[in-house]
Trainee: 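Handing you a structure now.
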There are 2 protein chains.
Amino acid sequence: MMAADVQASADAGRRPRGRPRKTAGERDDGNRRHALLSHAAHLFRRQGFAATTTRDIAAAAGMQSGSPFYHFKSKNALLFAVMEEGMHTALAHQRAALPPETLADLSPMGQLHKRIQAHFEVLLGPGNDFVPVMLYEQRSLSLRQHKQLGRLVTEYEALWSPILAALHANGQLRAPVGLARLLILGALNWSVQWFDAKKDASLQDLTEAAVGLFIKES
Amino acid sequence: MMAADVQASADAGRRPRGRPRKTAGERDDGNRRHALLSHAAHLFRRQGFAATTTRDIAAAAGMQSGSPFYHFKSKNALLFAVMEEGMHTALAHQRAALPPETLADLSPMGQLHKRIQAHFEVLLGPGNDFVPVMLYEQRSLSLRQHKQLGRLVTEYEALWSPILAALHANGQLRAPVGLARLLILGALNWSVQWFDAKKDASLQDLTEAAVGLFIKES
DNA sequence: CCTACCGATCGGTAGG
DNA sequence: CCTACCGATCGGTAGG
């Protein structure tokens, strides 16, 4: 579900006990590193970046307080890595949900429906803390980090613009395309604040409501 | 524009120089207290609550590091006071923009237009940091604070529901009223993230775009 | 509201 | 990745 869980422990031999020791030739770097990432994402989302300590993250991953800095050069680098993974997940999910070669088979409204559905799935699906962190913690990024992430964000927005332009041309979307995109994505992103997987509506209900809200009768 | 700027220094007599000293009988409590509030709002918005120190706030208000605690019992109490003022401002502005007795003169769509415009004015108008802080820092509230603020939020939402219900009955709003309200307010609130008073559109453009996006032709 | 201060915590590092 | 640690900072308080 969530990007790559690189190689776990391939060599499942007897281990003395206690913490796993890496023997020569065994590389589980990606393993521990990603454990840090995903606990960081969870804590950043719940408490915010500034209110989360590197000790919290280390403890959640079962490490000692200094160990995160073996994998990441700073707390900030950890945040950026979380956000980058969030964007990559979102982009991959959108591309899988609406592959370029199937575009011709769907009406603009059908395409928007797919986009909105995929957006909600990544944003509100179980265990996806990476994207919410990306949306709500950009303030804590350095300027260069912000610019670098901005490239991925632009890429993501570009997936929406042609669809909205077609709807606008159709008369199914009033409002200038640029503002419409910002308002629509805002409506979707804000759902992180109130959507509760238990009560409330399902992701499907949400998707229908959003399409109905934005799109005029054909 | 921004709630109450209680009594400034009524007794504008000669002051020795240096910091103002309160002589017996002179009470400028509200004055300094509100200076703290408004600098806190500004810093909380720019840096986030957790990343802002009480020393930052004190310095911005021209005080020493311990002085904010003379006015507020904790950093958290300061945050709550900022949010409460934010909600009171928003409620007051909505009521002024669409007084109950004028409701009958406007179509549901005209009413929604007024509501959206007033919302943008408070959210994006100059010097209004209180509402953005309220929207984006609720995570840092205690449970009782959150509940107390929740009452004001409910009050605010109640200003929208009848209008949306009327539009729904009219056929001008597709999507269930409850979800529509959440999605619409989300679209508006997210504008804090991207609206730049300089470039981009004006508040007026934004309002037109939002109404056009949500509402079907009459 | 200032002065002077405390205890606790935090991000990060050396050295293995 | 752990151990042991440092310098800096932070929220808050006593006492005036």
Side-chain angles (χ1 to χ4, degrees), chain A residues 6 8-9 15-37 39-40 43-44 47-82 137 140-142 145, chain B residues 9 15-37 39-40 43-44 47-82 137 140-142 145:
Chain A
V6 197
S9 54
R15 290 237 186 77
R17 119 198 29 186
R19 306 217 150 277
R21 302 194 139 276
K22 57 177 129 172
T23 60
E26 179 190 10
R27 288 175 310 159
D28 59 347
D29 320 39
N31 199 11
R32 304 305 295 150
R33 183 189 148 94
H34 198 269
L36 278 172
L37 271 184
H39 286 106
L43 290 166
F44 287 163
Q47 315 176 348
F49 171 73
T52 301
T53 69
T54 54
R55 281 164 167 83
D56 290 341
I57 300 168
M63 296 177 185
Q64 296 303 315
S65 68
S67 303
F69 299 97
Y70 170 74
H71 295 279
F72 296 92
K73 117 169 182 299
S74 68
K75 186 188 175 189
N76 213 262
L78 234 174
L79 174 65
F80 182 67
V82 166
E137 296 291 346
S140 303
L141 253 32
S142 75
Q145 288 173 329
Chain B
S9 55
R15 291 235 186 78
R17 118 198 30 189
R19 303 215 154 279
R21 301 196 139 276
K22 58 177 128 173
T23 60
E26 178 190 11
R27 286 176 310 158
D28 59 346
D29 320 40
N31 199 10
R32 305 304 295 150
R33 184 189 146 95
H34 197 270
L36 278 172
L37 271 185
H39 286 106
L43 290 166
F44 288 163
Q47 316 175 350
F49 172 72
T52 301
T53 69
T54 54
R55 281 164 168 82
D56 290 341
I57 299 168
M63 297 177 184
Q64 296 304 314
S65 67
S67 303
F69 298 97
Y70 169 75
H71 296 278
F72 296 92
K73 118 170 180 299
S74 68
K75 187 187 175 188
N76 213 261
L78 234 174
L79 174 65
F80 182 67
V82 166
E137 297 289 346
S140 302
L141 252 33
S142 76
Q145 288 174 329

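Residue numbering restarts at 1 for every chain, and letters A, B, ... go by the order of the sequence lines. Every heavy atom of this structure was used, including side-chain atoms; hydrogens, water molecules and symmetry mates were not.
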Trainee: Starting at atom CD of B:Q47, determine the distance to atom P of D:dC10, rounded to an integer number of angstrom.
Mentor: 10 Å

Trainee: Among D:dG11, C:dG12, D:dG12, which nucleotide sits nearest the side chain of B:T54?
Mentor: D:dG11

Trainee: With side chain to side chain contact (heavy atoms under 4.5 Å, CB included) as the criterion, how do A:S65 and A:T54 come out once you've worked through the C-alpha distance, each side chain's angles and the decisive distance to 0.1 Å?
Mentor: CA-CA 7 Å; A:S65 68; A:T54 54; over 6 Å; no

Trainee: Side chain of B:F69: nearest nucleotide among C:dT3, D:dT13, C:dG11?
Mentor: D:dT13

Trainee: Between C:dC10, D:dG11, D:dC1, which one does the side chain of A:R55 approach most closely?
Mentor: C:dC10

Trainee: With a non-hydrogen cut-off below 4.0 angstrom, is B:T53 in contact with a base, only sugar-phosphate, or nothing?
Mentor: sugar-phosphate

Trainee: When the distance from CG of B:D56 to P of D:dT9 is rounded to whole Å, what number comes out?
Mentor: 12 Å

Trainee: Please tell me which of the listed nucleotides, D:dG12, D:dC1, D:dG11, lies nearest to the side chain of A:Y70?
Mentor: D:dC1

Trainee: Rounded to whole Å, how long is the line connecting atom CE of B:M63 with atom P of D:dT13?
Mentor: 17 Å

Trainee: Under 6.0 Å from the ring centre and within 45 degrees of the ring axis: does the NZ or CZ of B:K75 meet both conditions for the six-membered ring of B:F49?
Mentor: yes

Trainee: Check whether any side-chain N or O of A:Q64 sits under 4.0 Å from OP1 or OP2 of D:dC1, and answer yes or no.
Mentor: no

Trainee: Starting at NZ of B:K73 and ending at P of D:dT13, how long is that distance when rounded to a whole Å?
Mentor: 9 Å

Trainee: Between P on D:dT13 and CZ on B:F72, what's the gap in Å once rounded to a whole number?
Mentor: 15 Å

Trainee: Taking the side chain of A:S65 as heavy atoms from C-beta outward, which of C:dC2, D:dC10, D:dA4 is closest to it?
Mentor: D:dA4

Trainee: What nucleotide among C:dC2, D:dG11, D:dC1 has an atom nearest to a side-chain atom of B:K75?
Mentor: D:dG11

Trainee: Going from OH on B:Y70 to CE on B:M63, what distance comes out if it is rounded to the nearest 0.5 angstrom?
Mentor: 10.0 Å

Trainee: In Watson-Crick or G-U wobble terms, both distances under 3.5 Å, what is the partner of C:dT9?
Mentor: D:dA8

Trainee: Rounded to the nearest 0.5 Å, how far does OG of A:S140 lie from CZ of A:F44?
Mentor: 9.0 Å

Trainee: So, taking the atom named OG1 in B:T53 and the one named CD in B:Q47, what distance separates them when rounded to the nearest 0.5 Å?
Mentor: 7.5 Å

Trainee: With both distances under 3.5 angstrom, what nucleotide forms a Watson-Crick or G-U wobble pair with C:dG16?
Mentor: D:dC1

